[in-house]
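Here is the structure we will look at, set down as structure tokens.
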There are 2 protein chains.
Amino acid sequence: MKTLSIKDIALKANVSITTVSFIINGKAKEKAISDAVIKKVQKIIKESGYKPNQLARSLRTGNSNIIGLIVEDISNSFFSSIARLIEDKAYKKGYKIIYSSTENKIEKTKELISLFKNRKVDAYIISPIKGIEEDIQDLLNDNKPVILFDRNLPNINTSYVGANHFSASYQAVESFIKDGKQNIALVTTDIDVQQIVERFEGYKKSIIDHGLPYQDGLVLNIPFSQEEATTIKQIKELLQNRTIDAVLFATNYLAISGLKALKELEKKINESFSVIGYDDHEAFELHSPSISTIQQPLEEIAEAIIQLILAQLAAKTKLPEQQVVIPAKLIIRN
Amino acid sequence: MKTLSIKDIALKANVSITTVSFIINGKAKEKAISDAVIKKVQKIIKESGYKPNQLARSLRTGNSNIIGLIVEDISNSFFSSIARLIEDKAYKKGYKIIYSSTENKIEKTKELISLFKNRKVDAYIISPIKGIEEDIQDLLNDNKPVILFDRNLPNINTSYVGANHFSASYQAVESFIKDGKQNIALVTTDIDVQQIVERFEGYKKSIIDHGLPYQDGLVLNIPFSQEEATTIKQIKELLQNRTIDAVLFATNYLAISGLKALKELEKKINESFSVIGYDDHEAFELHSPSISTIQQPLEEIAEAIIQLILAQLAAKTKLPEQQVVIPAKLIIRN
DNA sequence: CTCAGTTAATAAAACGTTTTAGTTAAACCT
DNA sequence: AGGTTTAACTAAAACGTTTTATTAACTGAG
């Protein structure tokens, strides 16, 4: 069975294609189509189950009611949770989301942007990486709404939603110090994105502000695409070779690897050795003892993103860009 | 800057649109375009950065190089991991994936299928739910490849990839019994999909086969969309009101809730009380003690799915459907 | 020298919409 | 009665491709 087109409907209703189009798009009133015709056409549409071809529509109008979501890795629970929340909220406003993972690769990210552009995606939500500034600027020049989240790109003038990573890791370290910890390690990753840098800066500043010496050897930089086994090995080495009484992990997957390392070392978390993770994870709460963590308010972040996007989509003119910085919460668990 | 069209390229190269199109689509040789013209046009395309409009292309050809992936919930690690693997493999073959979550809702699933159909998605990978048989049959009648995974729909004749849930939960219960357990509970969910039913059947058969009495009261059915707090409460009640020395959880998120319940009850997992989860989760391995689980081989499942899809996409005729059942592995951890 | 075949290219239709610019007939003035 | 508005509807262009059918020029065989 061939799929129906607007032409078939027009034929059946004995009116022109134009008329049907006006009715479909709710312009019947303004275009002075009589009620009788409206009723008739709507009835035929309903009965036949006709659905306009979105491709043709997009081709003609240049927009698609689709929002593109580009994240680092959809299998990371932070991103998949955000994706799910955004999907939900967008869906209610009639927008669909399509998403894809960049794996922090510049080339793949560029291709994705190009793919989405090609598909006439209406707006972009991007967790960016350095090196795609130009591509994003192109989108903006093209008047497409772009919201950056999780990480910001300093040279791009567009709205951003993210957590206050500096202050969050500052507080985490502060809480270690208040607990009497002296040798606080940071396990972080080497990707060059603002949010990771901030986490490091917060750590460093907090240590110095509280009169402790900053020790380079207590900061472990894990390459992003490294095998987990290697990561675990490096963390074990750090813990064995250094006097350390507290560790802050800069991402949830690093914390997971860290917990595995501790397990292999049979090193217990207790009064004399503490751990704080980042981006909550089911495993943190369940762990014995429960793992304290810096929690980003996913719901709020998703909400802020979708608000900004919808506002920009609805607006005729370019809205002023906003930097929404949401405080991350330090969750102390015992 | 207006985006370029094939017309602009044709103009610049001083040839017809048709010629450019042939060259773009690699039909230059067969259409006897001279090498000189091919070179010239390709140079112009490269220099100008022209990218064909995929919408127009899809509108004309009826296909899109996009595969639609429809899952229950992208924020569940089982699905997001599979999605990520499929995305990777498809990407290498020049296909893009777009995915969306159904939340096990028939209406939303139907809408998604309709959305994808509208977008001329070339093939579908669906983790289905009862009630959408007709929509899937429509796709098949339309000659679109459809692969079901995770759950099968008995009345649909199409390929399926999934794990052997019956045998997996049979073995899990068997291992409990060999350990001397007598009162084995099952915490499962009420969604009416084959894979969940199989898990229950395997549990029941194993109990009976091994000469134990099947007790209805030891099976807890959790409504799918229920708040987690309620789920935890129900699991606590089950554990408090019954003599139970082992629990099999039918999904990973139920196991997580179960572990939380145990934590609240301060009930320890040890020789006299065992637990097995389903679909691995980071938290299982990290838990103290580590949680045994039934592990679905994600990599193999993803590989099988993508193989079937690509084979069907490449084939001119309809391939015979295949039911790929991959054994799930019982991982005993201590 | 002519006809058939080949080579190199193109014009135009088609995909399914939206939207601009009309057209026609009736209703409304003065 | 003649002109102007308005109501109701529509023809056709446009979006950017692919593809079918066609043309025009050349080649070589008989």
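Bear in mind the structure is a predicted one, so any value in this text is a computation, not a measurement. Just so we're on the same page: letters track the sequence lines, and every chain starts at 1.
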> salt bridge (Lys or Arg N to Asp or Glu O under 4.0 Å) with B/Asp192: which residues, sequence neighbours excluded?
Replying inline: B/Lys130

> What's the CD1-P distance between B/Ile23 and C/dA9, to the nearest Å?
Replying inline: 9 Å

>> Using whole Å, what does the distance between atom C1' of nucleotide D/dG16 and atom CZ of A/Arg119 come to?
In response: 13 Å

> Does B/Asn53 place a side-chain N or O at less than 4.0 Å from the phosphate oxygens OP1/OP2 of D/dC15?
Replying inline: no

Strictly under 3.5 Å: I want the nitrogen or oxygen pairs between protein and nucleotides 7-11 of chain D, one per line.
| unit_1 | atom_1 | unit_2 | atom_2 | d |
| --- | --- | --- | --- | --- |
| D/dC9 | OP2 | A/Ser34 | N | 2.8 |
| D/dC9 | OP2 | A/Ser34 | OG | 2.9 |
| D/dT10 | OP2 | A/Ser16 | N | 2.8 |
| D/dT10 | OP2 | A/Ser16 | OG | 3.2 |
| D/dT10 | OP2 | A/Thr19 | OG1 | 2.7 |
| D/dA11 | N7 | A/Thr18 | OG1 | 3.3 |
| D/dA11 | N6 | A/Thr18 | OG1 | 2.9 |

>> Using whole Å, what does the distance between atom P of nucleotide D/dG16 and atom CG of B/Leu11 come to?
In response: 14 Å

> C/dC15 C1' sits how many Å from A/Gln54 CD, rounded?
Replying inline: 15 Å

> Residues two or more places apart in sequence or in another chain: which of them pass salt bridge (Lys or Arg N to Asp or Glu O under 4.0 Å) with B/Lys108?
Replying inline: A/Glu87, B/Glu103

Under 3.5 Å donor-acceptor pairs involving side-chain atoms of residues 306-313 of chain B, not counting sequence neighbours:
| unit_1 | atom_1 | unit_2 | atom_2 | d |
| --- | --- | --- | --- | --- |
| B/Gln307 | NE2 | B/Glu303 | OE2 | 2.7 |
| B/Gln312 | OE1 | B/Leu319 | N | 3.1 |
| B/Gln312 | NE2 | B/Thr317 | O | 3.3 |

> Please give, in whole Å, the distance from C/dT17 C1' to A/Asp8 CG?
Replying inline: 13 Å

>> A/Asn155: which residues meet the side chain to side chain contact (heavy atoms under 4.5 Å, CB included) condition with it, sequence neighbours left out?
In response: none

> Would you say D/dG16 has OP1 or OP2 under 4.0 Å from some side-chain N or O of B/Tyr50?
Replying inline: no

>> With no hydrogens and no angle check, just 3.5 Å: does a side-chain donor-acceptor pair link B/Ser16 and B/Thr19?
In response: yes

> Mind checking what makes salt bridge (Lys or Arg N to Asp or Glu O under 4.0 Å) contact with A/Lys43, not counting sequence neighbours?
Replying inline: A/Glu47

> Nearest-Å distance, NZ (B/Lys7) to P (C/dA11)?
Replying inline: 12 Å

>> Taking the axis from the first five pairs and the axis from the last five, what angle separates them in the helix from C/dC1-D/dG30 to C/dT30-D/dA1, rounded to 10 degrees?
In response: 70°

> Can you name the residues that form a ring-ring contact (aromatic ring centres under 6.0 Å, His included) with B/Tyr99, not counting sequence neighbours?
Replying inline: A/Tyr99

>> Expected output is a numbered-order residue list: members of residues 55-65 of chain B with a heavy atom under 4.0 Å from any atom of DNA chain C. What is it?
In response: B/Leu59, B/Arg60

> Taking atom P of C/dA11 as reference, at what distance in whole Å does atom CD1 of B/Ile6 sit?
Replying inline: 13 Å

> Quick one: ring-ring contact (aromatic ring centres under 6.0 Å, His included) partners of B/Phe22, sequence neighbours excluded?
Replying inline: none

> Just by distance, with hydrogens left out, do A/Gln322 and A/Tyr160 show a side-chain donor and acceptor under 3.5 Å apart?
Replying inline: no

>> Going by the rule side chain to side chain contact (heavy atoms under 4.5 Å, CB included), which residues pair with B/Asp8 if we only count those two or more places apart in sequence or in a different chain?
In response: B/Leu4, B/Ser5

> Rounding to a whole Å, what distance do you find between B/Lys51:NZ and D/dG16:C1'?
Replying inline: 16 Å

>> Checking A/Arg151 now: which residues fulfil salt bridge (Lys or Arg N to Asp or Glu O under 4.0 Å) with it, not counting sequence neighbours?
In response: A/Glu72

